[in-house]
Amino acid sequence: MKTTRLTMAQALVRYLACQHVERDGAQNPFFAGMWGIFGHGNVAGVGQALEQYAPSFRYYQSRNEQAQVLASVAFAKQRNRLATFACASSIGPGATNMLTGAAVATVNRIPVLILPGDIFAERIQAPVLQQLESERTQDISVNDCFKPVSRYWDRISRPEQLVAALPAAMRVLTSPADTGAVTLSLPQDVQAEAYEYPSSLFEKRVWHIPRNRPDQGALLRAADWIRSSQQPIIIAGGGVHYSDAHAALESFIARTGIPVAETQAGKGSLLYDNPLNLGATGVTGTEGAIQIAAEADLVIGIGTRYSDFTNASKTAFANENLRFININVAEFDAHKHNALPLVGDARATLEELLPLLEDYGVAADYRARVQGLNQAWDAEVHRIYNLEHEPMLSQGEVIGIVNSLSAAGDTVLCAAGSMPGDLHKLWRTRNPKGYHLEYGYSTMGYEIAGGLGVKLADPDHEVWVMVGDGSFLMMHTEIVTMVQEGIKVNILVLDNHGHASIGALSKAVGSDGFGTKFRYRSESGQLDGETLPIDFAKNCESLGAHVIRARDRAELAAAIEKAKTIQGGPVCIITEVDRRQRVPGYGAWWDVPVAEVSEMAAVRAAREDYEANKTRENWYA
């Protein structure tokens, strides 16, 4: 057997560079490169290897370890999980900074390879700088924290273990059902140790991404259930995107007339103006989607995991005769809500199910009602887009201006705060990848790093990051990376002087926005003084971005038009919005417990409402 003598880190980098994926005859490299921040735990190992094999395997320098994982998640999501990055760190805080990113990847089922440096495997040096000591075991480090947020976890304690670990890691990374964060913990001494690796390990490897089909008997039963339904609805989740099932879904509903409501991950499954598209579903749903879901006698979930935002804390579906059919590559999700499970690829399943429904279509009046709701919602969106609210813009108006002036092929991106709900309702999606929300983990700080990842995945279209001031303050350092790489991302910072989303939630549970406004501490001892004079424009400018201030509708429109002409780096548009002007909830409810006893009258009243709404929850068993 031919061998090649390499350090463990060199073997790792060479292996990653040889991995490819293929689906439907299209093939591409799986890894677009590696992000990394170096320290004593990886500079002589992974750092040396990356320098040795540059530029054939590209290295990207991030400013924060969490941000590099978030950028990788966004990149992989935009590429429908068919490509990703590896992310390397030193030991200790550099490693644990990536924990949030690992959770984002695993919760959202997005493949990312995480490579934290670790303490010495030989132990003679212990305790070393940044080592967590334990009086119970020597076989532990902070990297064990990655176990619950990783789909696959391993510690490479000897260089030859890499031969078995890498294919196991790739199996999970390329799995349509079981993907997420994969963590390979790399002790700093082992990274630099050499081994005679089999040369075949570094040959091109193509991982085939299958389109699994569901059981034929289950398909026939599903067809019977659909034919017997009177008011079915489809809940389109992220699986529609990842399986590239947009055309299949459009054909399916055109034939059957079954309306579609979209989750946060599934928005864009249909274009906004498809007459059978009811728009957003669940807690942040449209009026029509909420009505039809409440009355549906059959819910067909496609690629959704039914989070509480999707099913409105188990209140969205209220028909006594309700049944579920779930199409999902993951058996775990396909069985939720006591459903008839169709375990398989969304596109393949829809293509096989449709011929079994040639004699079926919803009633003409049901189709007409759905189309009327689609048109009524478009009118409501137009109203909110054109409020002309004073003295400052409303958040809905800002969304409308960006949506109206951006190109159909562009992508809007957000993650946390009040904006995801407004975007879910209001954004008119004009291409399947035009809407990118990280809402599985709703990670504050995702937005700017995520925008970088999306732009790397799709450099030919504009990316419009919409971020509130609270989320901006948590993580904005990847603006520097955009400047360094000459990457153009448009970042709209909406300044509402605090955490507007949780402020509204605080009021809903009987409080008064406690701890959610950015204010000085007053003589009363509370944070209720004057508003903090944060200058986000100067902040962005100091990081090297092009900066535009926009104080009203005309200035914001002009700023967007100007941003489209700027190249060679990020553009930050700063605008103030009125946190009190909100988009309605249209009757949807989200279960957030209210204090059962309180001296505050508003809390007691909120508790009464809460207990009344709790009676609407269902097990769907």
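These numbers were taken from a predicted model, which means no experiment stands behind them.
- Between Glu397 and Ile384, the closest side-chain pair of non-hydrogen atoms is not below 4.5 Å.
- Counted by atom type alone, His389 and Asp578 present one or more donor-acceptor pairs between their side chains at under 3.5 Å.
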Margin query: Please evaluate residues Met98 and Phe146 with respect to the criterion side chain to side chain contact (heavy atoms under 4.5 Å, CB included), reporting the C-alpha separation (whole Å), side-chain torsions for both, the decisive distance (0.1 Å), and the verdict.
Written below: CA-CA 9 Å; Met98 296 195 290; Phe146 284 94; 4.0 Å; yes
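- Judged as a side chain to side chain contact (heavy atoms under 4.5 Å, CB included), and not counting sequence neighbours, the contacts of Ala177 are Ser175, Val329, Ala330.
- Tyr620 places no side-chain N or O within donor-acceptor distance of the main-chain N or O of Leu322, the cut-off being under 3.5 Å.
- Legend: residues meeting ring-ring contact (aromatic ring centres under 6.0 Å, His included) with Phe85, ordered by chain and number and at least two apart, are Trp35, Tyr60, Phe75.
- Residue Ile502 holds its CD1 atom at 9.5 Å from OG of Ser418, rounded to the nearest 0.5 Å.
- Here the straight-line distance linking atom CD of Gln581 with atom CG of Asn496 works out to 13.0 Å at 0.5 Å rounding.
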Item checked: Residue pair Asn28, Val21: steps toward the side chain to side chain contact (heavy atoms under 4.5 Å, CB included) verdict -> CA-CA 6 Å; Asn28 59 268; Val21 295; 3.7 Å; yes
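- Of all the heavy atoms in Ala346 and Gly239, the pair that sits closest is CB-O, 3.9 Å.
- More than 12 heavy-atom neighbours from other residues, nucleotides or ligands sit within 6.0 angstrom of CZ on Arg383.
- Nearest approach of Val465 to Gly451, heavy atoms of both residues: CG2-CA, 3.7 Å.
- If you check the side chains of Asp422 and Gln395, you find a donor sitting under 3.5 Å from an acceptor.
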Margin query: Pair Arg227, Thr256 - check side-chain hydrogen bond (donor to acceptor under 3.5 Å, both in side chains), show working.
Written below: CA-CA 10 Å; Arg227 281 195 295 268; Thr256 64; over 6 Å; no
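- Between Ile300 and Ile235, the closest side-chain pair of non-hydrogen atoms is not below 4.5 Å.
- Residues meeting the ring-ring contact (aromatic ring centres under 6.0 Å, His included) test with Phe472, sequence neighbours left out: His476, Phe536.
- Residue pairs meeting the ring-ring contact (aromatic ring centres under 6.0 Å, His included) criterion with at least one partner in residues 240-264, sequence neighbours excluded, are His241-His246.
- Taking each heavy atom of Arg79 and Ala83 in turn, the nearest pair found is NH1-CB, 3.9 Å.
- The two residues Leu278 and Pro259 come nearest to each other via the heavy atoms CD1-CB, 3.8 Å.
- Counting only heavy atoms from C-beta outward, the side chains of Met466 and Val402 approach each other to under 4.5 Å.
- Considering only heavy atoms from C-beta on, Val299 stays 4.5 Å or farther from Ile325 through its side chain.
- Counting only N and O atoms by type, the side chains of Ser150 and Thr183 include a donor and acceptor under 3.5 Å apart.
- Sorted by first then second residue, the ring-ring contact (aromatic ring centres under 6.0 Å, His included) pairs that include residues 342-377, not counting sequence neighbours, are Trp377-Tyr586.
- With ring centers used as reference points, Trp590 lies under 6.0 Å from Phe309.
- Asn328 has its side chain out of reach of Val343: every pair of non-hydrogen atoms, C-beta onward, lies at least 4.5 Å apart.
- Across all non-hydrogen atoms, the minimal contact from Gly434 to Trp427 is O-NE1, 3.6 Å.
- Residues Thr443 and Val104 meet the side-chain proximity criterion, which asks for heavy atoms closer than 4.5 Å.
- Between Asp224 and Arg221 there is no salt bridge, since no side-chain nitrogen of the basic residue lies less than 4.0 Å from a carboxylate oxygen of the acidic one.
- Each side chain to side chain donor-acceptor pair (under 3.5 Å) pair with one or both residues in residues 274-291, not counting sequence neighbours, appears once here: Thr284-His424.
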Next item on the list: Show your reasoning for whether side chain to side chain contact (heavy atoms under 4.5 Å, CB included) applies to Glu462 and Thr411.
Entry: CA-CA 7 Å; Glu462 297 275 13; Thr411 298; over 6 Å; no
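- Pairs engaging residues 607-621 under the salt bridge (charged side-chain N to carboxylate O under 4.0 Å, His left out) rule: Asp591-Lys614, Arg607-Glu611, Lys614-Glu617 [sequence neighbours left out].
- Under the salt bridge (charged side-chain N to carboxylate O under 4.0 Å, His left out) criterion, no residue pair touches residues 250-272, with sequence neighbours excluded.
- When atom types are taken as modelled, the side chain of Asn311 and the backbone of Ser313 share a donor-acceptor pair closer than 3.5 angstrom.
- For the side chain to side chain contact (heavy atoms under 4.5 Å, CB included) with Val73, the lone residue among Thr106, Val112, Thr84 that qualifies is Val112.
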Note to self: Show, in sequence, the C-alpha distance, side-chain angles and deciding distance for Asn319 and Glu295, and conclude whether the side-chain hydrogen bond (donor to acceptor under 3.5 Å, both in side chains) test is met.
What the structure shows: CA-CA 5 Å; Asn319 191 310; Glu295 300 168 11; over 6 Å; no
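- Side chains of Trp153 and Lys147 form a contact here, defined as non-hydrogen atoms less than 4.5 Å apart.
- Within the structure, the salt bridge (charged side-chain N to carboxylate O under 4.0 Å, His left out) test picks out the following pairs touching residues 428-453 (sequence neighbours left out): Asp378-Arg428.
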Please table the atom pairs, donor to acceptor, closer than 3.5 Å between any side-chain atom in residues 453-461 and protein atoms at least two apart or in another chain.
from	atom 1	to	atom 2	distance (Å)
Lys455	NZ	Pro459	O	3.3
Lys455	NZ	His461	O	2.8
Asp458	OD1	His461	ND1	3.1
Asp458	OD2	His461	ND1	3.1

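- Note on residues 275-306: pairs passing ring-ring contact (aromatic ring centres under 6.0 Å, His included), not counting sequence neighbours, are Tyr306-Phe324, Tyr306-His337.
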When the side chains of residues 208-218 are checked against the rest of the protein, which donor-acceptor pairs come out under 3.5 Å, sequence neighbours left out?
from	atom 1	to	atom 2	distance (Å)
His208	ND1	Glu22	OE1	2.6
Arg211	NE	Asp24	OD1	3.1
Arg211	NE	Asp24	OD2	3.1
Arg211	NH1	Ser243	O	2.9
Arg211	NH1	Asp345	OD1	3.1
Arg211	NH1	Asp345	OD2	2.9
Arg211	NH2	Asp24	OD2	2.7
Arg211	NH2	Ser243	O	3.2
Arg213	NE	Glu352	OE2	3.1
Arg213	NH1	Arg211	O	2.8
Asp215	OD2	Gly217	N	3.0
Asp215	OD2	Ala218	N	2.9

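- Considering only heavy atoms from C-beta on, Ile226 comes within 4.5 Å of Leu353 through its side chain.
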